Amino acid sequence: MQTPSSDEAIVDLLQQDPEKGIELIFRKYFPYVVNIVYRVSNDSGLAEDIAQDVFFELWKKKENLKITSSLKPYLRRAAINKTLNYFRDRKINFASDEQLPSLSTGDPKAQQKMEAEEMEEKITNLIDQLPQRCRVIFILSRYEELSYREIAEKLEISDKTVENQISKALKFLRENLAGFLEDDS
Amino acid sequence: MDKFWEISGKYQKSHQPDVDAAWRKFEDRIKAEQKGKVVPMGRRALPYAAAVLILVAFVFLLQNNFLGNRTEMFYATTNQETKQIELPDGSIVTLNENSTLKVSVDFGTANRSVTLSGEAFFDVTRNENQPFIISADHIKVEVLGTSFNVRDYADEKEAEVEVKSGKVKVSPPNQSKGVLLEKGDLALLDLNAKMLEKKPGEGYNVGGWMEKQLVFIDAPVAQIFEDIQRIYKVNFITDNTNIINCSFDTDFKGEDLSTVFEILEIAFHCKFKQLNASTYEVVGGQCNQE
C-alpha cells in the first residue's frame, strides 16, 4: 500500500479519498494534538476528547479546506482555539482568588545542585501545582507564545489578570527554585 | 528576560494516547455523520434513493428519538440526594433534594429552556443570543449567563430566586412583566398574595445547601427552623410564639443535629424534646436580649 508522506499529499488525498485521507492524518497527528491540549489542560481525558473534536472539525470541512501553511500548524492552532473555548466557557474552575500552594522544601541552599533531568522533573512538578487558572495562562503564554492580549480576549478576562497570573507563576517558580540555581542572580 | 521564564522551558509533559482505540471511536463518529449525507446519483437510481432515504430517515428518527440523546431529558432527586447535571451548553445545574429538572428536546439548538420543580443552583454559561429560561411551578426565570439559586417547592408558600452573580429576570408564569435582579438581590413570590417582591438578599446562603452550610445573619427563627428541618430531615412542632419571631446570627457547617440543638437551646433558653425518630417539640424559650 502506498502511503503519501508529505502533508501536501495527505491533504490532497483527504479530498480525493476522504476516508483514507482522514485515517492517515488522524494516525499521524492524533498524539501531537493530544499533547498540545494536555500541556495546557493537564487532563489527559479532556485532551483526548478535544483532540477528537479537532479532527472531526477537519473532517466536516474537508471539501472546502484551504490550508495555506502546512497541516501541523493548522492542527495546532485548532487545538489551542478549542482548548481556550473550553476554559472560557467553564469559568467555574477559574475561581478568582486561588492561593498558591506553600511548599516546604527545607532549606534549598543546603541541597545539591540538581542534575538536568531532575531539574526538568522539579520544574514540571512545580508548574503542575499552580492553581488551574494561573497554570493555563502561564502555559499559553510560555509555550504557545500567545500574547497577553490574545489570551485575555480568548478567555474573556482582562489584560491585567493575565499579567498578574503570569507574574504570580514566575514568582512561585523563583521562590521554589532559587536555591537550586547557581548564584548568578 | 526573566531567568525563571527561561528555565521554565524545561517543562515536560507527555501523554501517549491509544491511537488505535481513538481511531475506532473517531471512525464510528464519522460513519454516524455520513448516514445523513446525500450523494449525487443518476436519475434511474431515484426510486431506490427514495426508499433508502425513508429507511435512513426512519433509522435516524429511531436512534434520535427513542434511543439517542435527543429525547427530553429528565432528572430527579429523592430525599437527601443532590445531583449535578452538565447541560449541552456547558451550564451546570446542582439539583437539591426532592426536585426534578426537565431539559427540552432542542435545548442548545432552538432554545435553552428547562423546567424545574423544587430547588436548584444554576451556573449558566453566557450566551447573549439565547437566553436561558427556567420555568418553575410558580415563577419564570430568564438569564443570559450567571449563577443563582431557585427555590420553588410545590408545598411551600413562597418561591424565591437569589442571585450570586450577573443579572436575572424573574416573572410569574405567563406574565412578561417581572423584576430584574442583580448580584445580591432576592425575589420572593408570595403564593397566597400573588405578590412578587424584590429585596436585598442575605447573600450568605446562595446555594449554601450544596455544602450543607448555613449562615444566618439577623435571621428570623422561623426561617432558621425551616432550613434546619429541610437539611436535617426532621420536623419541629412548635406553637411557641415566644421565639418564632426572634432573630439570630449563627452559622452551621455540617454540624450534627445534637450540636445544632445545643446552640439553639443556649441561644433561646428553649428545649428540643424528641417525640419520635424525626419529630421534635420545641418547648419554652425567649428571645435573646443583646
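Everything numeric here is computed off the predicted structure, so don't read it as measured data. Reminder, nothing fancy here: chain letters follow the sequence lines and each chain counts from 1.
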A:Phe55 and B:Ile30: CA distance, side-chain angles, deciding distance, side chain to side chain contact (heavy atoms under 4.5 Å, CB included) verdict:
CA-CA 10 Å; A:Phe55 288 98; B:Ile30 62 177; over 6 Å; no
Of the backbone (N, CA, C, O) and the side chain (C-beta and beyond), which part of B:Asp89 lies under 4.5 Å from a heavy atom of chain A, both, or neither?
neither
Please classify the contact between A:Glu48 and chain B as side chain, backbone, both or neither, with a heavy-atom cut-off of under 4.5 Å.
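For A:Glu48, the contact with chain B is made by the side chain alone.
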With a 4.5 angstrom heavy-atom cut-off, is it the side chain or the backbone of A:Asp53 that approaches chain B, or both, or neither?
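Contact with chain B: backbone and side chain both.
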Just wondering, are more than 12 heavy atoms of other shown residues or ligands nearer than 6.0 Å to NZ in B:Lys102?
no
Specify whether B:His15 and A:Tyr38 have parallel, tilted or perpendicular ring planes, treating 30° as the upper limit for parallel and 60° as the lower limit for perpendicular.
tilted
Residue selection (most heavy-atom pairs with chain B, distance under 4.5 Å) from A:Ile166, A:Ile127, A:Leu173:
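Looking at each of A:Ile166, A:Ile127, A:Leu173 in turn, A:Ile127 comes out on top.
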For each of A:Asn125, A:Ile139, A:Asn35, tally heavy-atom pairs with chain B at distances under 4.5 Å, and name the one with the top tally.
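Going by pairs under 4.5 Å, I would pick A:Asn35.
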State, to 0.1 Å, how close B:Pro17 and A:Pro31 come at their nearest heavy-atom pair, and which atoms those are.
CG-CA, 3.8 Å
Can you tell if the side chain of [X] reaches within under 4.5 Å of the side chain of [Y], non-hydrogen atoms only?
| X | Y | value |
| --- | --- | --- |
| B:Trp23 | A:Phe30 | no |
| B:Glu27 | A:Ile22 | no |
| A:Lys28 | B:Val19 | no |

Residues at least two apart in sequence or cross-chain that pass ring pair (Phe, Tyr, Trp, His ring centres under 6.0 Å) with A:Tyr148, listed by chain then number, are none
Among all residues two or more places apart in sequence or in another chain, which pass the side-chain contact (heavy atoms from CB on, under 4.5 Å) test with B:Ala110?
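Applying side-chain contact (heavy atoms from CB on, under 4.5 Å) to B:Ala110 gives B:Asp106.
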How long is the gap from CD on A:Gln52 to CZ on B:Arg29, to the nearest 0.5 Å?
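Reported value, rounded in 0.5 Å steps: 6.5 Å.
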